[in-house]
Protein chains: 2
Amino acid sequence: MTVTQSEPVTSGGAATGGLPTKVRDCGTAPPHPRPAGRDKYTISEVAEHTGLSAHTLRWYERIGLMPHVDRTHTGQRRFTNRDLDWLSLVTKLRLTGMPVADMVRYAELVREGESTFAEREQLLTAHREDVRQRIAELRSTLDVLDYKIDIYADARRASERF
Amino acid sequence: MTVTQSEPVTSGGAATGGLPTKVRDCGTAPPHPRPAGRDKYTISEVAEHTGLSAHTLRWYERIGLMPHVDRTHTGQRRFTNRDLDWLSLVTKLRLTGMPVADMVRYAELVREGESTFAEREQLLTAHREDVRQRIAELRSTLDVLDYKIDIYADARRASERF
DNA sequence: CGCTTGCTTGGAGTGCGCTCCAACTCTCTA
DNA sequence: TAGAGAGTTGGAGCGCACTCCAAGCAAGCG
């Protein structure tokens, strides 16, 4: 098993966004299905696919949030399916409010190899707790919103009646 | 019914954070119970109570996010229980990601009186939709996190066994 | 060949939501 | 009456996560 740049196959599922169908399909189908049989994408293709801007993709690489992106002989980036997996994890973590610094830390740990499994687990567990709390928070706000919206709706219906 | 500064009593529940016990107590009890029988608080008392900084409270007032705060004869702010109600709504909306600009808009509508009930309802309904979507998003990330954490935990347990 | 299109870079700029500063006033206590 | 402590203001500054700019390079086309 290599400990630099690429993840060992046996832990690829944990290190990248790759999930078994059972888990990945529990929501809706992805809006941008990946073209089959390809493993090289330009930056604009990846931007299109992930919804991130090309600017952001370059920035992610600069700050160490990408595992290492291949280049053509002229220096252009060529992203692989593995990169897309990684980006799908990253965007999920971002959408759920993980700070970029934490994701960079996670990316570092992935680069360092198997010896960092424990710390990776900690990092994700902490974030999971965070996400759970935020769900609870959102839910309690939902109650408040329901209550207030009801009041306004009642007022509207009352005024429509006359 | 007045249409400036203070909300009509019949809609106070919708305009401020005030909720009937039934709704308010569906979660846990508030961490900072309000001292009974008081209706005048200094800015630092409110900061303590709400968890917002005094800076932020002044800033909220500057940008039009506060309904109008009373002053002593020397110009110091004296917040009322009604202000605390409003702030409790505002912090809830903030925590759930409503942009400050939208909250300012809502505050304006409240100041304009009953005629804006419909628009207030719309604004809150849109935000509710937002919150619902975010809950769904968070939940789907939770699945991913569970999956990855399991993998790391399995690896840890396997390595502990030898 | 010239033109367009798409990519490259370092570094500067932007928008949001605070957060803090400097200089001042007022009140209270010793 | 002096000093501490809490409040006031306009405006500057900050951290985050991008977002964009200018200048340049490489490939493809008429």
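Just so you know, these numbers come straight off a predicted model, no measurement behind them. Here is how names work: the chains are called A, B, and so on, in the same order as the sequence lines, proteins then strands, and each is numbered from 1.
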When rounded to the nearest 0.5 angstrom, what distance separates CG in A:Asp150 from CD in B:Glu121?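 Reported value, rounded in 0.5 Å steps: 9.0 Å.
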**Prompt:** Out of curiosity, B:Leu57 CG to B:Leu52 CG, how far, rounded to the nearest 0.5 Å?
**Reply:**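 Rounded to the nearest 0.5 Å, the CG-CG separation comes to 5.0 Å.
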Once you round it to whole Å, what is the distance between [atom2] of [N] and [atom1] of [X]?
X	N	atom1	atom2	answer
B:Glu45	D:dA6	CD	P	12 Å
B:Ile63	D:dT9	CD1	P	15 Å
A:Ile43	C:dT9	CD1	P	8 Å
A:Leu93	D:dA17	CG	P	13 Å
A:Gln76	C:dT5	CD	P	16 Å
B:Lys40	D:dA6	NZ	C1'	18 Å

inquiry  = Among D:dA27, C:dT8, D:dT8, which nucleotide has an atom closest to any side-chain atom of A:Thr74?
reply    =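 The answer is D:dA27.
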Query raised in the report: Which one, C:dG6, D:dG7, D:dC18, comes nearest to the side chain of A:Arg94?
Result: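 For A:Arg94, the side-chain atoms sit closest to D:dC18.
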Contacts to DNA chain D from residues 52-62 of chain B, heavy-atom cutoff under 4.0 Å, which residues?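 When residues 52-62 of chain B is checked for heavy atoms under 4.0 Å from DNA chain D, the hits, listed by number, are B:Arg58, B:Arg62.
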Q. Have B:Asp85 and B:Ser88 got a donor and an acceptor in their side chains that come within less than 3.5 Å?
A.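 No pair is found: no donor N or O on one side chain lies under 3.5 Å from an acceptor on the other.
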| task | Verify whether one side chain among B:Asp143 and B:Ser140 offers a donor that lies under 3.5 Å from an acceptor in the other. | result |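 Note: B:Asp143 and B:Ser140 side chains miss the donor-acceptor criterion.
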request  = Mind checking A:Arg71 for me? I need base, sugar-phosphate or nothing, with any heavy atom below 4.0 Å counting as a touch.
outcome  =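 The residue A:Arg71 makes sugar-phosphate contact but no base contact.
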Exercise. OP1 or OP2 of D:dT8 less than 4.0 angstrom from a side-chain nitrogen or oxygen of B:His73, does that happen here?
Worked result: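 No, because none of the side-chain N or O atoms of B:His73 sits under 4.0 Å from OP1 or OP2 of D:dT8.
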Does A:Arg134 use its side chain to pair, donor to acceptor, with the backbone of A:Thr96 at less than 3.5 Å?
->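 Confirmed, A:Arg134 side chain pairs with A:Thr96 backbone.
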query = Can you check whether B:Gly64's main-chain N or O pairs, donor with acceptor, with B:Arg111's side chain at less than 3.5 Å?
reply =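 Checking the backbone N and O of B:Gly64 against the side chain of B:Arg111, a donor-acceptor pair under 3.5 Å is found.
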Closest-nucleotide ordering on DNA chain D, the 5'-leading residue of B:Arg77 and A:Gly97 =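 Nearest-nucleotide comparison on DNA chain D picks B:Arg77.
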At their closest point, which heavy atom of B:Ala54 faces which heavy atom of B:Ile43, and how far apart are they?
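Nearest heavy atoms, B:Ala54 then B:Ile43: O-CD1, 3.7 Å.
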Worksheet item: Given that B:Val100 and A:Gly75 both sit by DNA chain C, which one's nearest nucleotide is further toward the 5' end?
Response: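 The residue closer to the strand's 5' end, by nearest nucleotide, is A:Gly75.
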